[in-house]
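Before any comments, here is the structure.
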There are 2 protein chains.
Amino acid sequence: MPTEPKLPFDPIERAGEIWARRIGESTAMKLATSIMRVQQLILAELDAALRPHGITFARYEVLVLISFSSEGTLPLSKIGERLMVHPTSVTNAIDRLESQGLVRRLPDEADRRRTFAELTDDGKDVLAASTKALMAIDFAIDGLTAKQQDQTYDLLRSLRSSAGDF
Amino acid sequence: MPTEPKLPFDPIERAGEIWARRIGESTAMKLATSIMRVQQLILAELDAALRPHGITFARYEVLVLISFSSEGTLPLSKIGERLMVHPTSVTNAIDRLESQGLVRRLPDEADRRRTFAELTDDGKDVLAASTKALMAIDFAIDGLTAKQQDQTYDLLRSLRSSAGDF
DNA sequence: CTAAAATAGTCGGTCGTCCAACTAAATGCC
DNA sequence: GGCATTTAGTTGGACGACCGACTATTTTAG
(Lines give C-alpha, C1' and ligand atoms only; values in the text may rest on other atoms or scores of the structure.)
Protein backbone atom coordinates (compact mmCIF):
# COMPACT_ATOMS: atom_id res chain seq x y z
CA MET A 1 0.00 0.00 0.00
CA PRO A 2 1.72 3.13 -1.16
CA THR A 3 2.04 5.95 1.26
CA GLU A 4 2.61 9.55 0.51
CA PRO A 5 6.23 9.75 -0.52
CA LYS A 6 8.61 12.29 0.84
CA LEU A 7 11.32 13.64 -1.38
CA PRO A 8 14.76 14.07 0.08
CA PHE A 9 14.84 17.76 -0.61
CA ASP A 10 13.39 21.12 0.06
CA PRO A 11 9.95 22.51 -0.26
CA ILE A 12 8.73 22.36 -3.74
CA GLU A 13 10.29 22.83 -7.06
CA ARG A 14 9.18 22.09 -10.53
CA ALA A 15 10.20 18.68 -11.75
CA GLY A 16 13.08 20.11 -13.72
CA GLU A 17 14.79 21.24 -10.62
CA ILE A 18 14.46 17.87 -9.00
CA TRP A 19 15.56 16.31 -12.23
CA ALA A 20 18.59 18.56 -12.31
CA ARG A 21 19.67 17.54 -8.87
CA ARG A 22 19.27 13.87 -9.60
CA ILE A 23 20.33 13.45 -13.15
CA GLY A 24 23.11 15.89 -13.47
CA GLU A 25 23.85 19.44 -12.67
CA SER A 26 21.90 20.63 -15.62
CA THR A 27 21.56 24.17 -14.43
CA ALA A 28 20.04 24.81 -17.82
CA MET A 29 17.11 22.61 -16.92
CA LYS A 30 16.79 24.19 -13.52
CA LEU A 31 16.78 27.61 -15.06
CA ALA A 32 14.29 26.58 -17.70
CA THR A 33 11.74 25.42 -15.19
CA SER A 34 12.30 28.49 -13.08
CA ILE A 35 11.61 30.72 -16.04
CA MET A 36 8.42 28.86 -16.75
CA ARG A 37 7.30 29.22 -13.19
CA VAL A 38 8.03 32.93 -13.10
CA GLN A 39 6.16 33.44 -16.32
CA GLN A 40 3.17 31.70 -14.85
CA LEU A 41 3.24 33.96 -11.81
CA ILE A 42 3.59 37.15 -13.78
CA LEU A 43 0.93 36.33 -16.29
CA ALA A 44 -1.49 35.47 -13.51
CA GLU A 45 -0.83 38.84 -11.90
CA LEU A 46 -1.31 40.74 -15.09
CA ASP A 47 -4.46 38.90 -16.04
CA ALA A 48 -5.88 39.44 -12.58
CA ALA A 49 -5.27 43.18 -12.85
CA LEU A 50 -6.97 43.28 -16.22
CA ARG A 51 -9.92 41.04 -15.39
CA PRO A 52 -12.09 43.92 -14.13
CA HIS A 53 -11.60 45.52 -17.52
CA GLY A 54 -12.76 42.46 -19.36
CA ILE A 55 -9.54 41.64 -21.17
CA THR A 56 -6.48 39.47 -20.77
CA PHE A 57 -2.87 40.43 -21.14
CA ALA A 58 -2.72 38.84 -24.56
CA ARG A 59 -5.52 41.07 -25.77
CA TYR A 60 -4.09 44.06 -23.96
CA GLU A 61 -0.90 43.66 -25.94
CA VAL A 62 -2.90 43.75 -29.14
CA LEU A 63 -4.64 46.95 -28.11
CA VAL A 64 -1.34 48.57 -27.21
CA LEU A 65 0.16 47.65 -30.50
CA ILE A 66 -2.70 49.01 -32.54
CA SER A 67 -2.80 52.21 -30.56
CA PHE A 68 0.86 52.83 -31.19
CA SER A 69 0.64 52.39 -34.91
CA SER A 70 1.17 55.60 -36.77
CA GLU A 71 -2.02 55.31 -38.78
CA GLY A 72 -4.13 53.91 -35.98
CA THR A 73 -4.53 50.67 -37.84
CA LEU A 74 -2.40 47.59 -38.22
CA PRO A 75 -2.62 44.60 -40.55
CA LEU A 76 -3.15 41.42 -38.59
CA SER A 77 0.03 39.96 -39.94
CA LYS A 78 2.03 42.82 -38.43
CA ILE A 79 0.46 42.18 -35.08
CA GLY A 80 1.47 38.56 -35.15
CA GLU A 81 4.95 39.45 -36.26
CA ARG A 82 5.48 42.02 -33.53
CA LEU A 83 4.04 39.91 -30.77
CA MET A 84 5.77 36.87 -32.17
CA VAL A 85 2.73 34.69 -32.06
CA HIS A 86 1.14 32.44 -34.63
CA PRO A 87 -1.28 34.02 -37.11
CA THR A 88 -4.09 31.98 -35.65
CA SER A 89 -3.48 33.51 -32.26
CA VAL A 90 -4.00 36.93 -33.79
CA THR A 91 -7.20 35.85 -35.49
CA ASN A 92 -8.37 34.52 -32.17
CA ALA A 93 -7.53 37.69 -30.24
CA ILE A 94 -9.03 39.99 -32.81
CA ASP A 95 -12.16 37.86 -32.96
CA ARG A 96 -12.62 38.30 -29.25
CA LEU A 97 -11.78 41.98 -29.23
CA GLU A 98 -14.12 42.58 -32.12
CA SER A 99 -16.96 40.72 -30.48
CA GLN A 100 -16.33 42.83 -27.39
CA GLY A 101 -16.60 45.93 -29.54
CA LEU A 102 -13.07 47.08 -28.76
CA VAL A 103 -11.63 46.63 -32.22
CA ARG A 104 -12.87 46.82 -35.79
CA ARG A 105 -11.67 44.94 -38.86
CA LEU A 106 -11.15 47.00 -41.99
CA PRO A 107 -10.48 45.56 -45.42
CA ASP A 108 -7.38 46.77 -47.24
CA GLU A 109 -8.52 47.95 -50.66
CA ALA A 110 -5.01 48.04 -51.98
CA ASP A 111 -4.14 44.47 -51.07
CA ARG A 112 -7.30 42.49 -50.72
CA ARG A 113 -5.62 39.69 -48.84
CA ARG A 114 -5.02 41.95 -45.91
CA THR A 115 -7.18 43.10 -43.06
CA PHE A 116 -6.53 46.03 -40.76
CA ALA A 117 -7.46 46.21 -37.14
CA GLU A 118 -8.52 49.52 -35.65
CA LEU A 119 -9.49 50.52 -32.12
CA THR A 120 -13.04 51.60 -31.45
CA ASP A 121 -13.76 54.38 -28.96
CA ASP A 122 -14.58 51.72 -26.42
CA GLY A 123 -11.31 50.06 -27.24
CA LYS A 124 -9.42 53.25 -26.53
CA ASP A 125 -11.22 53.66 -23.23
CA VAL A 126 -10.51 50.12 -22.14
CA LEU A 127 -6.91 50.47 -23.15
CA ALA A 128 -6.47 53.63 -21.10
CA ALA A 129 -8.13 52.12 -18.06
CA SER A 130 -6.15 48.92 -18.42
CA THR A 131 -2.85 50.71 -18.68
CA LYS A 132 -3.69 52.59 -15.52
CA ALA A 133 -4.59 49.34 -13.77
CA LEU A 134 -1.33 47.73 -14.81
CA MET A 135 0.74 50.62 -13.58
CA ALA A 136 -1.05 50.51 -10.26
CA ILE A 137 -0.39 46.92 -9.34
CA ASP A 138 2.35 45.95 -7.02
CA PHE A 139 4.21 43.65 -9.25
CA ALA A 140 6.09 40.51 -8.31
CA ILE A 141 8.88 41.98 -10.36
CA ASP A 142 8.95 44.95 -8.05
CA GLY A 143 10.53 42.58 -5.56
CA LEU A 144 13.72 43.09 -7.49
CA THR A 145 15.61 46.34 -7.36
CA ALA A 146 15.78 48.38 -10.53
CA LYS A 147 19.32 47.23 -10.95
CA GLN A 148 18.41 43.59 -10.60
CA GLN A 149 15.61 44.07 -13.09
CA ASP A 150 17.98 45.50 -15.63
CA GLN A 151 20.45 42.75 -14.98
CA THR A 152 17.83 40.08 -15.45
CA TYR A 153 16.59 41.76 -18.56
CA ASP A 154 20.04 41.86 -20.05
CA LEU A 155 20.66 38.22 -19.29
CA LEU A 156 17.40 37.18 -20.86
CA ARG A 157 18.09 39.38 -23.79
CA SER A 158 21.35 37.67 -24.54
CA LEU A 159 19.62 34.36 -24.11
CA ARG A 160 17.04 35.42 -26.65
CA SER A 161 19.57 36.69 -29.08
CA SER A 162 21.54 33.49 -28.88
CA ALA A 163 18.30 31.72 -29.65
CA GLY A 164 17.98 33.87 -32.75
CA ASP A 165 14.99 35.73 -31.45
CA PHE A 166 15.79 39.05 -33.06
CA MET B 1 -6.53 54.42 -46.75
CA PRO B 2 -4.27 53.12 -44.01
CA THR B 3 -0.83 52.05 -44.97
CA GLU B 4 1.41 49.73 -43.15
CA PRO B 5 2.68 51.69 -40.20
CA LYS B 6 6.30 51.81 -39.20
CA LEU B 7 7.22 52.09 -35.57
CA PRO B 8 10.04 54.38 -34.65
CA PHE B 9 12.07 51.65 -33.07
CA ASP B 10 14.00 48.51 -33.48
CA PRO B 11 13.16 45.17 -34.86
CA ILE B 12 10.42 43.60 -32.89
CA GLU B 13 9.54 43.53 -29.30
CA ARG B 14 6.53 42.40 -27.43
CA ALA B 15 4.02 45.14 -26.82
CA GLY B 16 5.12 45.57 -23.25
CA GLU B 17 8.50 46.72 -24.33
CA ILE B 18 7.07 49.27 -26.70
CA TRP B 19 4.65 50.27 -24.00
CA ALA B 20 7.51 50.70 -21.57
CA ARG B 21 9.37 53.02 -23.88
CA ARG B 22 6.35 55.12 -24.55
CA ILE B 23 4.48 55.26 -21.30
CA GLY B 24 7.21 55.32 -18.78
CA GLU B 25 10.35 53.54 -18.00
CA SER B 26 8.53 50.64 -16.53
CA THR B 27 11.45 48.28 -16.69
CA ALA B 28 9.21 45.93 -14.78
CA MET B 29 6.90 45.72 -17.74
CA LYS B 30 9.77 45.31 -20.13
CA LEU B 31 11.15 42.51 -18.04
CA ALA B 32 7.76 40.87 -17.71
CA THR B 33 7.28 40.63 -21.43
CA SER B 34 10.80 39.43 -21.93
CA ILE B 35 10.27 36.63 -19.45
CA MET B 36 7.13 35.61 -21.25
CA ARG B 37 8.90 35.53 -24.53
CA VAL B 38 11.77 33.48 -23.22
CA GLN B 39 9.37 31.02 -21.67
CA GLN B 40 7.66 30.63 -25.02
CA LEU B 41 10.97 29.90 -26.72
CA ILE B 42 12.13 27.39 -24.16
CA LEU B 43 8.88 25.53 -23.96
CA ALA B 44 8.79 25.24 -27.73
CA GLU B 45 12.28 23.76 -27.71
CA LEU B 46 11.47 21.27 -25.01
CA ASP B 47 8.20 20.21 -26.58
CA ALA B 48 9.90 19.78 -29.93
CA ALA B 49 12.52 17.52 -28.39
CA LEU B 50 9.84 15.43 -26.74
CA ARG B 51 7.44 15.24 -29.66
CA PRO B 52 9.07 12.11 -31.13
CA HIS B 53 8.39 10.42 -27.81
CA GLY B 54 4.74 11.32 -27.85
CA ILE B 55 4.67 13.57 -24.81
CA THR B 56 4.90 17.23 -23.93
CA PHE B 57 7.03 18.88 -21.31
CA ALA B 58 4.05 19.19 -19.00
CA ARG B 59 3.53 15.46 -19.10
CA TYR B 60 7.25 14.80 -18.87
CA GLU B 61 7.36 16.69 -15.62
CA VAL B 62 4.63 14.47 -14.26
CA LEU B 63 6.55 11.34 -15.23
CA VAL B 64 9.70 12.65 -13.61
CA LEU B 65 7.90 13.44 -10.43
CA ILE B 66 6.28 10.04 -10.15
CA SER B 67 9.51 8.24 -10.90
CA PHE B 68 11.31 10.09 -8.14
CA SER B 69 8.76 9.29 -5.49
CA SER B 70 10.10 6.92 -2.91
CA GLU B 71 7.23 4.46 -3.27
CA GLY B 72 6.90 4.76 -7.01
CA THR B 73 3.46 6.25 -6.66
CA LEU B 74 2.22 9.74 -5.94
CA PRO B 75 -1.22 11.06 -5.03
CA LEU B 76 -2.48 13.43 -7.68
CA SER B 77 -2.71 16.22 -5.17
CA LYS B 78 1.00 15.96 -4.45
CA ILE B 79 1.77 16.24 -8.12
CA GLY B 80 -0.22 19.42 -8.42
CA GLU B 81 1.40 20.82 -5.33
CA ARG B 82 4.93 20.09 -6.48
CA LEU B 83 4.40 21.32 -10.00
CA MET B 84 2.39 24.24 -8.70
CA VAL B 85 -0.43 23.74 -11.10
CA HIS B 86 -4.17 23.60 -10.63
CA PRO B 87 -5.69 20.23 -9.67
CA THR B 88 -7.58 20.15 -12.94
CA SER B 89 -4.31 20.37 -14.82
CA VAL B 90 -3.14 17.25 -13.05
CA THR B 91 -6.34 15.43 -13.84
CA ASN B 92 -5.89 16.43 -17.43
CA ALA B 93 -2.27 15.32 -17.64
CA ILE B 94 -2.92 12.01 -15.90
CA ASP B 95 -5.90 11.37 -18.15
CA ARG B 96 -3.69 11.73 -21.18
CA LEU B 97 -0.83 9.73 -19.74
CA GLU B 98 -3.18 7.01 -18.70
CA SER B 99 -4.82 6.83 -22.09
CA GLN B 100 -1.32 6.59 -23.57
CA GLY B 101 -0.64 3.69 -21.26
CA LEU B 102 2.25 5.45 -19.54
CA VAL B 103 0.65 5.83 -16.14
CA ARG B 104 -1.86 3.92 -14.02
CA ARG B 105 -4.32 5.24 -11.44
CA LEU B 106 -4.50 3.33 -8.16
CA PRO B 107 -7.11 3.90 -5.48
CA ASP B 108 -5.89 4.66 -1.98
CA GLU B 109 -7.62 2.22 0.33
CA ALA B 110 -6.62 4.17 3.39
CA ASP B 111 -8.07 7.47 2.24
CA ARG B 112 -10.68 6.84 -0.34
CA ARG B 113 -10.66 10.40 -1.57
CA ARG B 114 -7.21 9.95 -2.92
CA THR B 115 -5.82 8.42 -6.07
CA PHE B 116 -2.26 7.41 -6.72
CA ALA B 117 -0.49 7.60 -10.04
CA GLU B 118 2.09 4.98 -10.93
CA LEU B 119 4.32 4.56 -13.97
CA THR B 120 3.75 1.61 -16.25
CA ASP B 121 6.68 -0.15 -17.87
CA ASP B 122 5.98 1.83 -21.01
CA GLY B 123 5.94 4.96 -18.91
CA LYS B 124 9.39 4.16 -17.56
CA ASP B 125 10.71 3.54 -21.03
CA VAL B 126 9.30 6.77 -22.40
CA LEU B 127 10.67 8.66 -19.45
CA ALA B 128 14.15 7.28 -19.97
CA ALA B 129 14.12 8.02 -23.68
CA SER B 130 12.72 11.50 -23.08
CA THR B 131 15.32 12.37 -20.53
CA LYS B 132 17.99 11.32 -22.96
CA ALA B 133 16.42 13.44 -25.68
CA LEU B 134 16.28 16.47 -23.43
CA MET B 135 19.89 16.14 -22.44
CA ALA B 136 20.88 15.91 -26.06
CA ILE B 137 19.32 19.10 -27.32
CA ASP B 138 21.30 22.22 -27.81
CA PHE B 139 19.37 24.48 -25.58
CA ALA B 140 18.72 28.17 -26.04
CA ILE B 141 19.81 28.47 -22.46
CA ASP B 142 23.16 27.07 -23.41
CA GLY B 143 23.75 30.43 -25.04
CA LEU B 144 24.48 31.69 -21.57
CA THR B 145 27.60 30.75 -19.71
CA ALA B 146 27.21 28.60 -16.63
CA LYS B 147 27.85 31.66 -14.55
CA GLN B 148 25.18 33.66 -16.33
CA GLN B 149 22.75 30.82 -15.90
CA ASP B 150 23.33 30.73 -12.19
CA GLN B 151 23.03 34.46 -11.99
CA THR B 152 19.75 34.45 -13.85
CA TYR B 153 18.48 31.62 -11.73
CA ASP B 154 19.32 33.48 -8.54
CA LEU B 155 17.61 36.61 -9.75
CA LEU B 156 14.49 34.74 -10.69
CA ARG B 157 14.58 32.91 -7.44
CA SER B 158 14.54 36.08 -5.43
CA LEU B 159 11.76 37.32 -7.64
CA ARG B 160 9.78 34.21 -6.87
CA SER B 161 10.43 34.37 -3.19
CA SER B 162 9.33 37.97 -3.04
CA ALA B 163 6.17 36.84 -4.79
CA GLY B 164 5.66 34.32 -2.03
CA ASP B 165 6.27 31.36 -4.25
CA PHE B 166 7.93 29.14 -1.67
C1' DC C 1 -21.47 11.83 18.26
C1' DT C 2 -22.87 14.71 14.92
C1' DA C 3 -22.81 18.77 12.13
C1' DA C 4 -19.63 21.89 9.91
C1' DA C 5 -15.44 22.52 7.54
C1' DA C 6 -11.58 20.95 4.97
C1' DT C 7 -9.57 17.97 1.37
C1' DA C 8 -9.23 15.09 -3.11
C1' DG C 9 -10.56 14.64 -7.46
C1' DT C 10 -13.52 15.47 -11.46
C1' DC C 11 -16.55 17.87 -14.91
C1' DG C 12 -17.71 21.71 -17.90
C1' DG C 13 -16.36 25.83 -19.76
C1' DT C 14 -13.00 29.80 -21.09
C1' DC C 15 -8.77 31.25 -22.85
C1' DG C 16 -4.31 31.36 -25.40
C1' DT C 17 -1.07 28.86 -28.05
C1' DC C 18 0.26 25.98 -31.74
C1' DC C 19 -0.17 22.99 -36.16
C1' DA C 20 -2.10 21.37 -40.59
C1' DA C 21 -4.83 22.45 -44.14
C1' DC C 22 -7.37 25.50 -46.87
C1' DT C 23 -8.97 29.85 -49.74
C1' DA C 24 -8.07 34.05 -51.92
C1' DA C 25 -5.12 37.26 -53.65
C1' DA C 26 -0.64 39.14 -55.17
C1' DT C 27 3.94 38.34 -57.03
C1' DG C 28 7.50 36.11 -59.78
C1' DC C 29 9.27 33.82 -63.53
C1' DC C 30 9.62 31.99 -68.07
C1' DG D 1 0.27 36.45 -70.54
C1' DG D 2 -0.04 32.54 -67.71
C1' DC D 3 1.17 29.36 -64.35
C1' DA D 4 3.85 28.47 -60.04
C1' DT D 5 4.98 30.40 -55.75
C1' DT D 6 4.40 33.24 -51.84
C1' DT D 7 1.60 35.77 -48.61
C1' DA D 8 -2.69 36.91 -45.55
C1' DG D 9 -6.07 35.26 -43.07
C1' DT D 10 -9.32 31.72 -41.50
C1' DT D 11 -11.05 27.17 -39.88
C1' DG D 12 -10.76 23.00 -37.17
C1' DG D 13 -8.43 20.40 -33.85
C1' DA D 14 -4.92 19.46 -30.02
C1' DC D 15 -3.08 20.90 -25.77
C1' DG D 16 -2.25 23.05 -21.23
C1' DA D 17 -3.70 26.26 -17.84
C1' DC D 18 -7.26 28.32 -15.15
C1' DC D 19 -11.97 28.96 -12.68
C1' DG D 20 -16.44 27.64 -10.66
C1' DA D 21 -19.11 24.16 -9.20
C1' DC D 22 -19.92 19.65 -7.64
C1' DT D 23 -19.35 14.82 -5.27
C1' DA D 24 -17.35 11.98 -2.03
C1' DT D 25 -14.69 11.51 1.59
C1' DT D 26 -12.08 12.75 5.85
C1' DT D 27 -11.29 15.73 9.79
C1' DT D 28 -12.54 18.99 13.22
C1' DA D 29 -15.30 21.27 16.61
C1' DG D 30 -18.94 21.70 19.65
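Every value quoted in this text rests on a predicted model; they were computed, and no experiment measured them. Protein chains get the first letters and strands the later ones, always in sequence-line order, with residue 1 at the start of each.
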5'-most by nearest nucleotide on DNA chain D - B:Asn92 or A:His86: A:His86

Closest-nucleotide 5' rank along DNA chain C - winner of A:Arg113 and A:Ala93: A:Ala93

Nearest-angstrom distance from the residue atom CD1 of A:Ile79 to C1' of C:dT17: 16 Å

Sugar-phosphate, base or nothing in reach of A:Arg51, heavy atoms under 4.0 Å: nothing

Sugar-phosphate only, base, or nothing, as touched by A:Thr88 at under 4.0 Å among non-hydrogen atoms: base

Short side-chain to backbone donor-acceptor contact, A:Gln148 and B:Leu155, under 3.5 Å: no

Gap between atoms CG and P, on A:Asp108 and D:dT7 respectively (whole Å): 17 Å

Touch class at under 4.0 angstrom, heavy-atom based, for A:Thr115 against every strand present: sugar-phosphate

Separation of atom CE in A:Met84 from atom P in C:dC18, rounded to whole Å: 11 Å

OP1 or OP2 of D:dG16 under 4.0 Å from side-chain N/O of B:Ser89: no

Within one Ile-Leu-Val-Met-Phe-Trp-Tyr cluster: B:Leu31 and A:Ile137, side-chain cutoff 4.5 Å: yes

Gap between atoms CD and C1', on B:Gln39 and C:dG16 respectively (whole Å): 12 Å

Whole-Å distance separating the CD atom of B:Glu45 from the P atom of C:dC18: 14 Å

Closest to side chain of B:Asp111, choosing from C:dC15, D:dT26, C:dG9: D:dT26

Interatomic distance where CG belongs to A:Leu46 and P belongs to D:dC18 [whole Å]: 15 Å

A:Arg114 CZ to C:dT23 P, straight-line distance once rounded to whole Å: 23 Å

Verdict with reasoning, A:Arg160 to B:Ser34, per side-chain hydrogen bond (donor to acceptor under 3.5 Å, both in side chains): CA-CA 9 Å; A:Arg160 286 167 64 180; B:Ser34 197; 3.0 Å; yes

Nucleotide nearest B:Thr56 (side chain, heavy atoms from C-beta), chosen from D:dT27, D:dG16, D:dT10: D:dG16

Whole angstrom value for the distance that separates P of C:dC18 from CG of B:Leu41: 10 Å

Presence of A:Gln40 side-chain N/O under 4.0 Å of D:dC18 phosphate oxygens OP1/OP2: yes

Sugar-phosphate only, base, or nothing, as touched by B:Thr91 at under 4.0 Å among non-hydrogen atoms: base

Salt-bridge contact B:Asp95-B:Arg105 (side-chain N to carboxylate O under 4.0 Å): yes

A:Arg112 side chain near D:dT7 phosphate (N/O to OP1/OP2, under 4.0 Å): no

Cluster link A:Leu41 to A:Phe139, ILVMFWY, side chain under 4.5 Å: no

